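A short worksheet on the structure shown next.
These numbers were taken from a predicted model, which means no experiment stands behind them. Hydrogens, waters and symmetry mates play no part in the numbers below; they use all other heavy atoms, side chains included.
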Amino acid sequence: ELEVCTLGAGDALFAQGDPAEWMYLGLEGTVEGRRAGVPAGAPTYSFSAGDLYGVIPFSRMQAFQAAGVAVTPA
């Protein structure tokens, strides 16, 4: 199943602790991982156009360890 998500800057793609049930492909913009307790402006990761993130085949990740937040329209 394929779903296209359109995000504005500041919109969340997923929340910290959400089940990792999807694989994400960045089509445009940038999404950063922001973890509770880490100072703002210190992302734990980022993904942009062409990047894959989330459940990848054979991955053991069960839940997102950080929130995915768009820093640009994505």
Fill in the blank from the handout: Hits for side chain to side chain donor-acceptor pair (under 3.5 Å) against T72, two or more places apart or cross-chain, chain-then-number order -> none
Exercise for the section: Report the distance from atom CE of M23 to atom CG of L52, rounding to the nearest 0.5 Å. Expected result: 5.5 Å
Problem - Partner residues of F47 under the ring-ring contact (aromatic ring centres under 6.0 Å, His included) criterion, sequence neighbours left out - result: Y53
Practice task
Return the minimal non-hydrogen interatomic distance between A70 and G8, and the atom names on each side.
Solution key: CB-O, 3.5 Å
Handout entry: Whether Q16 side chain and A36 backbone form a donor-acceptor pair below 3.5 Å
Key = yes
Handout entry: Side-chain donor-acceptor contact under 3.5 Å, S48 with T30
Key = yes
Handout entry: Side chain to side chain, D11 and V69, heavy atoms closer than 4.5 Å
Key = no
Handout entry: Exam field: side chain Q62 to backbone R60, donor-acceptor pair closer than 3.5 Å
Key = yes
Practice task
Give the cluster check for V31 versus L25: same hydrophobic cluster or not, with ILVMFWY residues linked at side-chain heavy-atom distances below 4.5 Å.
Solution key: no
Handout entry: Interatomic spacing from CG in L27 to CG in D51 - rounded to 0.5 Å
Key = 11.0 Å
Problem - Step-by-step side chain to side chain contact (heavy atoms under 4.5 Å, CB included) determination, V71 to R34 - result: CA-CA 11 Å; V71 293; R34 298 191 180 159; 3.0 Å; yes
Exercise for the section: Go through the structure and list residues passing side-chain contact (heavy atoms from CB on, under 4.5 Å) with D18, not counting sequence neighbours. Expected result: F14, A15, F64
